[in-house]
Number of protein chains: 2
Amino acid sequence: MAGIADVARAAGVSKATASRALTGAGYVSEATRTRVQHAAKELGYVPTTSAVSLVTGRTQTIGVVVPNLDRWFFAQVLGGVQEALLERRYDLALYSAPPESDARREMFTHFLARKRFDGVIAVGIEPTAHELERLVDFGKPVVSVGGYDAGTSAVSIDDHAAARIATEHLLGLGHREITFLGGDPDGRQMSFGDARRLAGYWAAMEAAGARGGGRHIPSEVTMPGGYGAAVELLGDRLTRPTALVAVCDEVAVGAIIAARRLGIRVPEHLSVVGIDDHEYADMFSLTTLQQKPDQQGRTAVRLLMAQLEDPATPGSHTYEPSPLIMRNSTAALDDATSAIVTIGR
Amino acid sequence: MAGIADVARAAGVSKATASRALTGAGYVSEATRTRVQHAAKELGYVPTTSAVSLVTGRTQTIGVVVPNLDRWFFAQVLGGVQEALLERRYDLALYSAPPESDARREMFTHFLARKRFDGVIAVGIEPTAHELERLVDFGKPVVSVGGYDAGTSAVSIDDHAAARIATEHLLGLGHREITFLGGDPDGRQMSFGDARRLAGYWAAMEAAGARGGGRHIPSEVTMPGGYGAAVELLGDRLTRPTALVAVCDEVAVGAIIAARRLGIRVPEHLSVVGIDDHEYADMFSLTTLQQKPDQQGRTAVRLLMAQLEDPATPGSHTYEPSPLIMRNSTAALDDATSAIVTIGR
DNA sequence: TTGAAAGCGATACCAC
DNA sequence: GTGGTATCGCTTTCAA
């Protein structure tokens with residue numbers, strides 16, 4: 001529990017000098033600096049953060065807001081943010097709460113007001129008007145990841161393009177009956193990014209004049225959600241599409257499992273494309289558009305730090321790449337597939 | 001940015017009285033109390049945490065240490081902890097870093113020293129001797145979840161019993177060739193809980209005189225890990241067991257997927273039991289031993305709060321229940337199964 | 001029941 | 001370069 005006063009005494013200098021020597025701000029002779037540092041180490045001195053915060057106004061803490069922890073994307077982003085923050089010796093205050101929940105409201109009304117952090121990273125969140133307002137008059141830098149871009153800095157993939165490319169890949173293989181799988185049942189709760197994906201899908205379908213073959217089947221955005229929806233969708237041979245664009249890999253994998261159980265072979269009888277490159281993608285040979293959420297987390301931290309150092313830094317939306325990873329879940333719509341589908345009709 | 005001085009002025013009282021009225025400590029007349037509270041609300045007053053911490057010594061923050069974020073168990077625990085903390089208006093400082101990593105070392109040497117939190121919840125962690133030492137001389141209460149019980153308070157299921165029950169279930173169905181699937185390849189890194197499960201499995205096998213039919217196949221403790229290991233294990237018809245106890249549901253599900261791909265029917269040709277009751281368990285009809293990590297997280301918070309209120313509270317290990325959930329991934333070893341296995345031999 | 005004043009542990013300004 | 005000192009915003013004796 002040694003304080004800076006102890007360090008100063010041990011080094012035979014004043015508190016002021018000790019502080020300067022330790023923080024590196026201001027002039028200190030090389031000799032005293034080393035002497036003070038030595039004393040500090042000797043005594044195991046660690047500055048009391050609350051005291052530092054009180055006087056400097058900086059907390060060395062970043063607040064991170066996530067809707068939940070059990071979806072791959074969020075967990076990955078959080079991991080990346082954590083790493084990047086750790087490197088910079090920043091603490092991470094976690095606030096996870098689903099949109100529209102009491103906990104979420106509580107968070108916004110209570111915690112954000114506590115000016116406890118120097119900045120906020122909001123993951124996959126489309127804030128409500130009220131939340132947005134609070135975030136803004138919070139007066140500290142905000143960076144959003146994979147979500148709504150509220151005029152603040154943001155980082156995400158180009159969701160619209162990703163889904164478009166996925167769809168075009170399928171169209172290029174000759175598919176016309178392509179269903180978009182996943183996204184919240186009652187559209188309202190569909191996350192911002194997911195909605196953009198759906199839009200990208202429709203854009204591609206329309207551009208190819210295949211609007212008629214398109215359909216959106218909602219589902220919870222989880223593997224079981226994708227599984228359940230796919231069982232229903234694929235169970236009916238009459239209306240079954242020849243290809244699927246899934247809102248994300250978790251849903252895609254659920255669909256593949258459903259297809260297998262129904263005796264529908266992927267990719268021979270059904271092509272599936274996902275978005276994410278989830279850790280499960282490989283074991284299902286899933287063709288997908290890759291994104292690296294942990295990288296996005298790191299980028300978000302970088303953006304935030306830039307604004308912290310120079311508040312004048314303009315907000316910017318960084319789009320991370322999302323390349324197509326070809327595996328083995330898609331195939332050309334050949335005669336065999338057509339035949340099978342036709343027979344069903 | 002209203003401070004308590006502003007509130008006091010607005011209410012026509014001194015800072016001292018305002019503080020008492022707001023914190024609820026000390027005598028204040030009912031009249032002034034409401035007047036102060038009103039003024040505070042009016043001005044949108046929020047106490048500056050660093051100032052409060054500086055004088056009270058309490059940070060209203062709990063540090064949570066997890067090995068990583070993308071395993072179901074950890075994410076669930078973290079979610080439960082977050083909720084319970086939020087209710088109590090505590091902040092959650094997240095420290096996730098894999099054991100033996102630089103980040104992990106950094107965490108322990110640097111962050112824990114920052115006396116930034118009132119207590120620590122360590123999830124699924126078997127601290128090294130050095131880490132343990134730091135955690136202890138950190139001098140603040142520590143509660144561990146699902147991991148090593150360092151004489152501090154702890155909460156977990158009875159891993160040994162869970163695996164034993166799972167194994168006995170299989171033995172009761174007539175199986176003798178039962179393999180334990182999962183756990184780190186080179187035993188050393190096997191988590192404390194996982195090691196206990198393996199021990200419980202062996203205990204049951206031995207008690208049934210079936211030691212000879214037992215085997216431990218290591219694998220990464222993930223779905224792809226279980227998948228990969230199961231493909232190898234089940235691919236060889238000569239040595240294939242008739243039943244599997246998986247270290248957790250993720251591994252169990254990976255094994256089921258592998259079995260299906262190999263044309264091995266579950267449960268007709270292969271019985272599988274998991275541990276967890278993961279959100280995927282249902283869609284695979286997985287029989288498993290249920291645990292509720294989020295509850296464990298909540299319990300951990302309760303234990304911690306008790307110690308915070310009264311440091312004399314003795315540490316205690318709370319065991320949460322882990323009931324057997326019967327679904328449809330296990331079946332009696334009947335003639336059919338035996339026949340199939342025999343043919344293979 | 002209330003108010004004045006003394007810290008909590010650091011930083012930062014201003015003389016020296 | 002270095003040392004006194006005011007200060008950050010609040011809680012908490014101690015008197016009144």
Side-chain angles (χ1 to χ4, degrees), chain A residues 1-41 43-61 89 91 113-118 139-140, chain B residues 1-40 43-61 89 91 110 113-118 139-140:
Chain A
M1 285 289 282
I4 197 167
D6 302 305
V7 175
R9 201 175 313 123
V13 296
S14 70
K15 277 171 33 180
T17 305
S19 173
R20 260 172 274 148
L22 261 17
T23 60
Y27 297 99
V28 187
S29 75
E30 203 43 45
T32 41
R33 152 160 294 126
T34 49
R35 194 145 39 84
V36 171
Q37 286 174 337
H38 219 79
K41 177 160 285 177
L43 296 169
Y45 167 73
V46 178
T48 303
T49 30
S50 35
V52 177
S53 299
L54 188 54
V55 62
T56 62
R58 310 184 108 230
T59 60
Q60 289 272 101
T61 298
R89 305 243 151 145
D91 268 317
R114 287 213 229 177
K115 34 196 156 180
R116 276 203 154 197
F117 17 71
D118 300 334
K140 299 237 152 73
Chain B
M1 283 289 281
I4 200 168
D6 302 305
V7 175
R9 200 176 313 122
V13 296
S14 70
K15 277 172 28 180
T17 306
S19 173
R20 263 171 268 151
L22 261 16
T23 60
Y27 297 99
V28 186
S29 75
E30 203 42 46
T32 42
R33 153 159 292 126
T34 50
R35 196 146 37 87
V36 172
Q37 287 174 337
H38 219 79
L43 295 169
Y45 167 73
V46 177
T48 302
T49 30
S50 37
V52 177
S53 299
L54 186 54
V55 61
T56 61
R58 309 184 108 227
T59 59
Q60 289 274 102
T61 298
R89 307 243 151 142
D91 269 317
H110 194 79
R114 287 213 230 176
K115 34 193 161 190
R116 276 203 154 198
F117 18 70
D118 301 333
K140 299 239 152 74

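Order of the sequence lines sets the chain letters (A, B, ...), proteins ahead of strands, with each chain counted from 1.
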Problem - Proximity to the side chain of A:Leu54 - top-ranked nucleotide from D:dC8, D:dT2, D:dC10 - result: D:dC8
Practice task
Could you tell me whether B:Thr23 contacts a base, only the sugar-phosphate backbone, or nothing, with contacts defined as non-hydrogen atoms closer than 4.0 Å?
Solution key: sugar-phosphate
Practice task
Please report, rounded to the nearest Å, how far the P atom of D:dC8 is from the CD1 atom of B:Ile4.
Solution key: 15 Å
Handout entry: Criterion salt bridge (Lys or Arg N to Asp or Glu O under 4.0 Å) on B:Asp91 and A:Arg116, from CA distance to verdict
Key = CA-CA 10 Å; B:Asp91 269 317; A:Arg116 276 203 154 197; 2.5 Å; yes
Problem - Reported CZ-to-OG distance for the pair A:Arg9 and A:Ser14, which is rounded to 0.5 angstrom - result: 12.5 Å
Completion exercise
A:Gln60 CD to C:dT11 P, in whole Å, measures 12 Å
Handout entry: Residue A:Thr32, side-chain heavy atoms: nucleotide from C:dT1, D:dT2, C:dG9 that is nearest
Key = D:dT2
Practice task
State whether A:Ser29 places a side-chain N or O below 4.0 Å from either non-bridging phosphate oxygen (OP1 or OP2) of D:dT2.
Solution key: yes
Practice task
Kindly say if A:Ser19 contacts the phosphate of C:dA10, meaning a side-chain N or O under 4.0 Å from OP1 or OP2.
Solution key: no
Practice task
Nearest-nucleotide wise, let me know which of B:Gly12 and A:Ala5 is further upstream toward the 5' end of DNA chain C.
Solution key: B:Gly12
Practice task
Could you state the atom-to-atom distance from CD of B:Glu30 to P of C:dT1 in whole Å?
Solution key: 10 Å
Problem - Value in whole Å for how far the C1' atom of D:dC10 lies from CZ of A:Arg116 - result: 14 Å
Exercise for the section: Would you tell me if any nitrogen or oxygen in the side chain of B:Thr56 comes within less than 4.0 Å of OP1 or OP2 on D:dT11? Expected result: no
Completion exercise
Of A:Val52 and B:Tyr27, the one whose nearest nucleotide on DNA chain C sits closer to the 5' end is B:Tyr27
Problem - CA sep, side-chain torsions, deciding dist, call: B:Asp6, B:Tyr45, side chain to side chain contact (heavy atoms under 4.5 Å, CB included) - result: CA-CA 9 Å; B:Asp6 302 305; B:Tyr45 167 73; over 6 Å; no
Exercise for the section: Check every atom of C:dT2, D:dT11, C:dC13 against the side chain of B:Arg20 and return the nucleotide holding the closest atom. Expected result: C:dT2
Exercise for the section: Starting from C1' on C:dG9, measure out to CZ on A:Arg9 and report it in whole angstrom. Expected result: 13 Å
Practice task
Examine distances only and state if a side-chain atom of B:Ser19 and a backbone atom of B:Thr17 form a donor-acceptor pair shorter than 3.5 Å.
Solution key: no
Handout entry: N/O (side chain, A:Ser14) to phosphate O (OP1/OP2, D:dG4) under 4.0 Å
Key = no
Exercise for the section: Return no unless some side-chain N or O of A:Tyr45 is found under 4.0 Å from OP1 or OP2 of C:dG9. Expected result: no
Practice task
Answer with base, sugar-phosphate or nothing: what part of the nucleic acid does A:Ser50 contact at a heavy-atom distance below 4.0 Å?
Solution key: nothing
Practice task
Figure out the CG/P separation between B:Leu22 and D:dT11, and round it to whole Å.
Solution key: 8 Å
Completion exercise
To the nearest 0.5 Å, atom OG1 of A:Thr56 lies from atom CG of A:Asp118 at 8.0 Å
Fill in the blank from the handout: Closest to the side chain of B:Ala16, out of C:dA10, D:dG3, D:dT12, is D:dT12
Exercise for the section: For B:Lys15 and C:dG7, give me the distance from atom NZ to atom P, rounded to whole Å. Expected result: 14 Å
Problem - A:Thr32 (side chain) donor-acceptor with A:Val28 (main chain) under 3.5 angstrom - result: no
Exercise for the section: Please determine if a side-chain N or O atom of A:Thr48 lies less than 4.0 Å away from the OP1 or OP2 oxygen of C:dC8. Expected result: no
